[in-house]
Amino acid sequence: MKKTVLWLSLSSVLFSGVATADTLLGLYLGADGWRTSTTGRFADTEQLQDFNFADKTQSSFYLAFEHPVPLVPNIRIQRNDLTSSGATQLDVNFSFAGEQFAQGSQINNHIDFTSTDYVLYYEVLDNDLISIDLGVSAKHLDGTVAIKEQGTSDVMATEDISTLLPMVYSSVHIGLPLTGLDLFAQGSFVSYDGSRLYDMQAGIAYTLIDNIAVDLRLKTGYRAVNLQLDNIDDVYADLDFSGVFAGIELHF
């Protein structure tokens with residue numbers, strides 16, 4: 001009898017927590033522009049080589065679907081461009097993708113870590129003052145790492161990457177009453193087998209339009225991505241992308 005009562009109590013807590021989600025269907029569409037400063041190194045062995053990278057404006061697009069069905073998670077899909085190129089003078093002999101590059105060579109280097117995030121999450125708290133989402137995500141990393149010696153007709157020495165990384169996900173919004181403003185923070189993280197990846201952002205947003213048909217939200221903040229790969233498709237890397245972003249979000 002005591003076990004039955006305990007089970008019913010736990011079930012009621014779970015259902016009441018999930019019931020804080022939106023009582024109506026909600027569709028979110030958003031786009032961000034992100035000015036990144038990139039630093040780091042990569043190789044196809046554990047002996048990483050430092051490379052120079054130019055600043056670049058990246059883009060990010062997402063959609064999210066929220067519903068009131070208990071126990072069924074909400075879903076968010078986000079596409080992230082993450083590319084950078086640069087020119088580097090090698091300070092040591094370097095081998096990459098089966099090609100040899102001599103010390104002192106002038107190298108054009110390029111990275112592309114474009115990814116798609118598939119997020120399943122629950123709204124564990126949702127009201128006008130604070131909203132908290134928790135969930136899991138799968139990041140499909142699909143890209144290339146390449147270098148080429150300047151002034152030659154050689155093709156670029158390239159390593160391709162295609163992997164799926166499971167991550168934990170969280171998001172927090174704090175409303176500032178009577179202002180139309182809110183503070184937000186969002187992030188995902190994973191660390192295993194010597195590899196690590198985090199994608200964090202925080203900032204402030206302003207609701208420009210708020211009515212029954214549509215909400216329009218403008219936002220700005222700071223985003224940082226750290227990517228450490230340990231022999232993922234023969235690629236080793238330690239790269240940081242960070243900078244200010246601005247975006248727009250529609251809620252139907």
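Everything numeric in this text was worked out from a predicted model, so none of it was measured. Position 1 is the first residue of the sequence, and the numbers go up from there.
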> Step by step, would you call Leu165 with Tyr192 a side chain to side chain contact (heavy atoms under 4.5 Å, CB included)?
Replying inline: CA-CA 10 Å; Leu165 300 172; Tyr192 71 98; 3.3 Å; yes
> Looking at CD1 of Ile248 and CG of Asp32, how far apart are the two atoms once the value is rounded to the nearest 0.5 Å?
Replying inline: 10.5 Å
> Going by the angle between their ring planes, with limits at 30° and 60°, are Phe42 and Phe96 parallel, tilted or perpendicular?
Replying inline: perpendicular
> Rounded to the nearest 0.5 Å, what separation is found between the OG atom of Ser115 and the CG atom of Asp199?
Replying inline: 7.5 Å
> Could you give the distance from CG (Leu250) to CG (Leu63), rounded to the nearest 0.5 Å?
Replying inline: 12.0 Å
>> The test is salt bridge (Lys or Arg N to Asp or Glu O under 4.0 Å); show your working for Asp182 and Arg217 and say whether it passes.
In response: CA-CA 10 Å; Asp182 68 88; Arg217 185 167 166 259; 3.0 Å; yes
> Is a side-chain N or O of Thr36 found less than 3.5 angstrom from the main chain of Thr38, in a donor-acceptor match?
Replying inline: no
> Quick check: does any side chain N or O of His251 sit under 3.5 Å from a backbone N or O of Asp210, one acting as donor and the other as acceptor?
Replying inline: no
>> Evaluate Ile77 against Tyr62 for side chain to side chain contact (heavy atoms under 4.5 Å, CB included), listing each step before the verdict.
In response: CA-CA 6 Å; Ile77 301 175; Tyr62 63 89; over 6 Å; no
> Can the ring centres of Phe245 and Tyr222 be said to be less than 6.0 Å apart?
Replying inline: no
> Ser195 and Asp193: side chain to side chain donor-acceptor pair (under 3.5 Å), yes or no, with the steps?
Replying inline: CA-CA 6 Å; Ser195 296; Asp193 290 342; over 6 Å; no
> So, for Tyr28 and Phe252, is the gap between ring centers shorter than 6.0 Å?
Replying inline: no
> Distance from Asn52 atom CG to Thr88 atom OG1, nearest 0.5 Å?
Replying inline: 4.0 Å
> Is it the case that Thr144 and Asp112 place a side-chain donor and acceptor less than 3.5 Å from each other?
Replying inline: no
>> Applying side chain to side chain donor-acceptor pair (under 3.5 Å) to Tyr198 and Gln228, what does each step give before you reach the verdict?
In response: CA-CA 9 Å; Tyr198 67 71; Gln228 295 183 22; over 6 Å; no
> Under a 4.0 Å N-O cut-off, is there an ion pair linking Asp117 with Arg79?
Replying inline: no
> Does atom CD of Glu46 have more than 12 heavy-atom neighbours from other groups under 6.0 Å away?
Replying inline: no
>> Under a plain distance cut-off of 3.5 Å, with no hydrogens placed, do Gln150 and Asn108 share a side-chain donor-acceptor pair?
In response: yes
> Would you say the side chains of Thr116 and His140 form a donor-acceptor pair under 3.5 Å?
Replying inline: no
> Do Ser105 side-chain atoms and Ile107 backbone N/O form a donor-acceptor pair below 3.5 Å?
Replying inline: no
> Just wondering, more than 12 heavy atoms not from Gln106 lying within 6.0 Å of its CD?
Replying inline: yes
>> For a side chain to side chain donor-acceptor pair (under 3.5 Å) check, start with the C-alpha distance between Arg35 and Thr57, then their side-chain angles and the critical distance, and finish with the verdict.
In response: CA-CA 4 Å; Arg35 187 65 178 176; Thr57 300; 3.0 Å; yes
> Does the side chain of Gln78 come under 3.5 Å of the side chain of Ser60 through a donor N or O and an acceptor N or O?
Replying inline: yes
>> Working to the nearest 0.5 angstrom, can you tell me the gap between Thr114 OG1 and Asp81 CG?
In response: 4.5 Å
>> Can you see whether Glu159 engages Tyr236 through a side-chain donor-acceptor pair at a distance of less than 3.5 angstrom?
In response: no
> Just wondering, more than 12 heavy atoms not from Asp128 lying within 6.0 Å of its CG?
Replying inline: no
> Judged by atom type as modelled, is there a donor-acceptor pair below 3.5 Å linking the side chain of Asn109 to the main-chain atoms of Ile147?
Replying inline: no
> Any donor and acceptor pair, going by atom type alone, linking the side chain of Tyr122 with main-chain N or O of Leu71 inside 3.5 Å?
Replying inline: yes
>> Between Ser84 (side chain only) and Ala54 (backbone N and O only), is there a donor and an acceptor less than 3.5 Å apart?
In response: yes
> Say you draw a straight line from CG of Leu129 to CD1 of Ile174; how long is it, rounded to the nearest 0.5 Å?
Replying inline: 9.5 Å
